[in-house]
Amino acid sequence: MGVPKQSGNRPSGLMSSKNQKPIEIRSSNIRAGKALADAVRTSLGPRGMDKMIQGPKGDVTITNDGATILEQMKVMHPSAKMLVNLSKAQDVEAGDGTTSVVVMAGSLLEAAEKLLKKGIHPTTISEAFQKAAVKSVEILTEMAVPVDLSDREKLMQAANTSLNSKVVSQHSSELSPIAVDAVLKVINPNQANNVDLNDIKVIKKLGGTVDDTELVEGLVLNEKASGNVKKVEKAKIGLIQFQVSPPKTDMDNQVIVSDYAAMDRVLREERAYILNIVKQIKKAGCNVLLIQKSILRDALSDLAVHFFDKMKIMVVKDIEREDIDYVCKTLGCRPIASLDHFTAENLVAADLVEEQMSGPSKFVKVTGIAHQGRTVSVIMRGSNKLVLEEADRSLHDALCVIRCLVKKKFLIAGGGAPETELYLKLTDYANTLIGADSYCFKAYAEALEVVPYTLAENAGLNPIATVTELRNRHALGETMSGINVRKGAITNILDENVVQPLLVSTSAINLASETVRSILKIDDIVNTVS
Ligand code: ADP
Ligand code: MG
């Protein structure tokens with residue numbers, strides 16, 4: 001072999017290898033990103049496949065959710081990690097579209113690779129992609145249709161579209177009304193611009209099937225009642241943050257008890273101490289006591305349980321710290337920090353507090369709360385842990401879809417219709433541009449078609465024929481033509497009620513473009529020591 005060929009007057013030796021490195025790094029980054037996107041591609045759409053993920057301890061997750069798949073994958077390459085974060089970002093921003101966003105990014109990376117091979121500078125590509133993303137959002141916004149939050153039917157269709165591509169899709173008719181009603185209950189539909197999903201408490205319970213999932217207007221506590229009082233009507237509820245057990249010092253000191261008389265005295269003192277607390281609680285008129293979980297010790301001694309039983313007071317202990325806000329908001333109260341403040345005016349009235357069973361586990365339900373805050377609870381059921389976990393993730397996506405519609409009250413068609421429309425409009429626009437920009441816009445437009453292509457492929461349709469027909473239909477002005485996965489044909493996708501929030505699509509476009517642009521701009525990977 002002779003001297004490597006040099007093109008033009010490019011310097012040789014050190015300089016040449018310096019020029020080569022950014023190219024190699026870039027192409028390695030692009031390859032890693034594409035590989036990751038390919039891994040989730042088969043999960044896209046209602047006919048997408050599910051993934052079984054095995055954890056380090058042999059635990060298994062079955063899911064179809066892009067963010068969940070990627071989160072659990074052991075990803076080493078830094079640019080592949082960026083795509084994992086991209087999916088997470090979409091999850092935070094929109095909650096749905098977590099597979100689409102990664103699939104799009106993979107396709108945009110591929111487009112970028114081709115443009116780089118044509119000799120276009122990475123910065124030029126990056127800037128063109130940015131402009132194309134802005135243009136895409138404009139086009140999507142134009143084709144969106146406004147939705148009214150009082151239009152429950154439309155909201156349910158959007159929730160349905162999201163649920164249809166899930167493992168638990170056969171339960172979408174039960175889950176979508178729950179998602180819609182849950183969100184509508186915690187907001188004021190006339191003025192809301194956002195939803196705090198913390199106001200919707202989802203409690204997972206093994207037993208029954210997903211169809212048994214119910215929306216509860218009231219408070220559901222994921223704990224059982226400690227004593228024998230399992231049901232209280234006309235409840236007066238007190239929520240406390242102090243313990244009903246004998247005080248212990250933090251230090252590990254010992255009390256030496258020398259004889260039986262001394263031991264008796266200690267026990268008597270303990271008894272008197274607890275009895276005093278229980279009596280005061282009773283005196284305030286309380287008949288249901290909720291106790292925050294204590295990290296130091298058991299907040300409720302056996303003796304206390306015994307006394308509470310005698311006084312017909314129901315006790316529920318170990319309420320998690322992170323649940324306290326939700327409990328307070330629901331009951332319209334504040335936690336009582338010390339016995340001195342345990343008075344009648346700090347108690348909350350409710351019609352019924354009752355312990356209920358679900359399969360092997362128990363929970364406590366409070367209904368008919370006097371001044372209930374804007375919160376709801378969902379008791380999620382499932383016959384096994386895998387289904388239950390996936391149903392929970394799917395309901396979360398559906399809730400996010402409705403939240404998207406509260407944030408931005410527009411819907412667009414699904415089934416590849418928006419991406420095809422983007423392809424046509426962006427290509428048209430590219431023809432008005434000159435030079436590299438025009439190339440880049442066209443490549444960007446084609447890259448977005450990965451969504452209809454993959455939807456068709458996963459549905460067992462011929463992807464090329466389907467994408468071509470979609471293009472033709474859209475060129476004829478049928479902006480709502482999309483892939484009807486159920487019929488295996490192209491139809492007006494709005495008539496099929498396959499709709500999704502505008503925000504899911506615009507956020508996916510923005511975030512995917514941003515990530516691809518950052519990957520393009522990297523020309524070196526520097527590893528730090530240790
Ligand atoms: P993501 O995690 O990105 O939300 P999904 O697996 O939920 O991935 O697939 C979303 C894609 O599937 C969207 O492009 C959406 O328009 C499409 N889709 C969902 N339901 C249907 C349907 N019934 N017919 C055609 N396309 C659908
Ligand atoms: Mg989805």
Side-chain angles (χ1 to χ4, degrees), residues 37 39-51 63-71 83 86-91 93-107 140 143-144 157-170 172-173 175-176 179 390 393-402 404 411-422 448-461 466-467 470 480-509 511-512:
V40 293
R41 235 172 67 103
T42 53
S43 298
L44 186 76
R47 288 288 163 86
M49 293 293 167
D50 307 329
K51 304 275 179 212
T63 185
N64 175 290
D65 185 54
T68 310
I69 299 169
L70 292 173
E71 189 188 285
L83 291 207
L86 165 65
S87 188
K88 266 191 211 149
Q90 173 78 8
D91 200 28
E93 179 69 23
D96 197 11
T98 52
T99 315
S100 312
V101 76
V102 174
V103 170
M104 276 184 195
S107 182
L140 289 176
M143 69 183 288
Q157 287 171 8
N160 255 323
T161 304
S162 164
L163 288 167
N164 272 335
S165 51
K166 303 288 179 193
V167 179
V168 293
S169 61
Q170 74 269 29
S172 57
S173 54
L175 293 182
S176 22
E390 178 68 355
R393 283 190 290 270
S394 306
L395 180 70
H396 177 77
D397 276 20
L399 289 170
C400 287
V401 162
I402 308 301
C404 278
L411 276 171
I412 55 171
E419 293 80 9
T420 310
E421 198 59 20
L422 283 177
L448 294 182
E449 275 191 317
V450 72
V451 173
Y453 189 96
T454 310
L455 285 176
E457 200 172 50
N458 290 349
L461 303 169
T466 312
V467 168
L470 267 178
M480 296 305 169
S481 279
I483 302 167
N484 185 335
V485 171
R486 253 172 258 128
K487 293 193 184 139
I490 291 174
T491 58
N492 183 323
I493 206 75
L494 271 192
D495 293 347
E496 298 293 319
N497 299 331
V498 178
V499 286
Q500 59 202 28
L502 174 64
L503 191 62
V504 170
S505 300
T506 53
S507 150
I509 292 272
L511 294 174

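Bear in mind the structure is a predicted one, so any value in this text is a computation, not a measurement. FYI, side chains are in, hydrogens and waters are out, and symmetry mates aren't considered; it's all heavy atoms of this structure. We count ligands from 1, going down the list as the structure has it; atoms in each ligand are counted the same way.
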Taking [atom] as the reference point, the nearest protein heavy atom with its distance:
{"atom": "atom 13 (C) of ligand 1", "value": "Gln500 OE1, 3.7 Å"}
{"atom": "atom 6 (O) of ligand 1", "value": "Gly45 N, 2.9 Å"}
{"atom": "atom 7 (O) of ligand 1", "value": "Ser165 OG, 2.5 Å"}
{"atom": "atom 3 (O) of ligand 1", "value": "Ser100 OG, 2.5 Å"}
{"atom": "atom 2 (O) of ligand 1", "value": "Thr99 OG1, 2.7 Å"}
{"atom": "atom 21 (C) of ligand 1", "value": "Pro46 CG, 3.4 Å"}

Please answer whether the main-chain N or O of [Y] pairs with a side-chain N or O of [X] as donor and acceptor at a distance below 3.5 Å.
{"X": "Thr98", "Y": "Asp91", "value": "no"}
{"X": "Glu390", "Y": "Asn64", "value": "yes"}
{"X": "Asn458", "Y": "Leu44", "value": "yes"}
{"X": "Glu93", "Y": "Ser507", "value": "no"}
{"X": "Glu496", "Y": "Thr491", "value": "no"}
{"X": "Thr161", "Y": "Gln157", "value": "yes"}
{"X": "Glu71", "Y": "Gly66", "value": "no"}
{"X": "Thr506", "Y": "Leu502", "value": "yes"}

**Item:** Minimum non-hydrogen distance to atom 20 (N) of ligand 1, winning option of Asp96, Asn160, Asn484, Thr161
**Value:**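 It is Thr161 whose heavy atom sits nearest to atom 20 (N) of ligand 1.
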**Request:** Nearest heavy atom to atom 17 (C) of ligand 1 wins, so pick from Leu455, Asp65, Val401.
**Result:**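 Ranked by closest heavy atom to atom 17 (C) of ligand 1, first place is Leu455.
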For [X], counting its heavy atoms only, list the atoms of ligand 1 lying under 4.0 Å from any of them.
{"X": "Ile483", "value": "24 (N), 25 (C)"}
{"X": "Val485", "value": "24 (N), 25 (C)"}
{"X": "Gly415", "value": "15 (C), 16 (O), 25 (C), 26 (N)"}
{"X": "Gly414", "value": "16 (O)"}
{"X": "Thr98", "value": "1 (P), 2 (O), 3 (O)"}

Could you check whether any side-chain heavy atom of [X] comes within less than 4.5 Å of a side-chain heavy atom of [Y], counting everything from C-beta outward?
{"X": "Thr99", "Y": "Asp65", "result": "no"}
{"X": "Glu421", "Y": "Met143", "result": "yes"}
{"X": "Asn160", "Y": "Ser172", "result": "yes"}
{"X": "Arg41", "Y": "Glu457", "result": "yes"}

Show the nearest heavy-atom pair for residues [X] and [Y], with the distance to one decimal.
{"X": "Leu163", "Y": "Ser394", "value": "CD2-O, 3.6 Å"}
{"X": "Gly106", "Y": "Ala37", "value": "CA-CB, 3.6 Å"}
{"X": "Ala159", "Y": "Ile402", "value": "CB-CD1, 4.1 Å"}

**Request:** Keeping waters out of it, list the protein N, O or S atoms under 2.8 Å from the Mg ion (ligand 2).
**Result:**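 Correct list: Asp96 OD1.
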**Item:** Test of proximity, Gly97 against ligand 1: N or O pairs below 3.5 Å
**Value:**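 For ligand 1, there is an N or O atom that lies under 3.5 Å from one belonging to Gly97.
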Ligand 1-proximal atoms of [X], by part, heavy-atom distance under 4.0 Å:
{"X": "Asp397", "result": "neither"}
{"X": "Ser43", "result": "backbone"}
{"X": "Glu496", "result": "neither"}
{"X": "Val498", "result": "side chain"}

**Item:** ligand 1 contact by Gly48, heavy-atom criterion under 4.0 angstrom
**Value:**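 Flag not set, Gly48 not near ligand 1.
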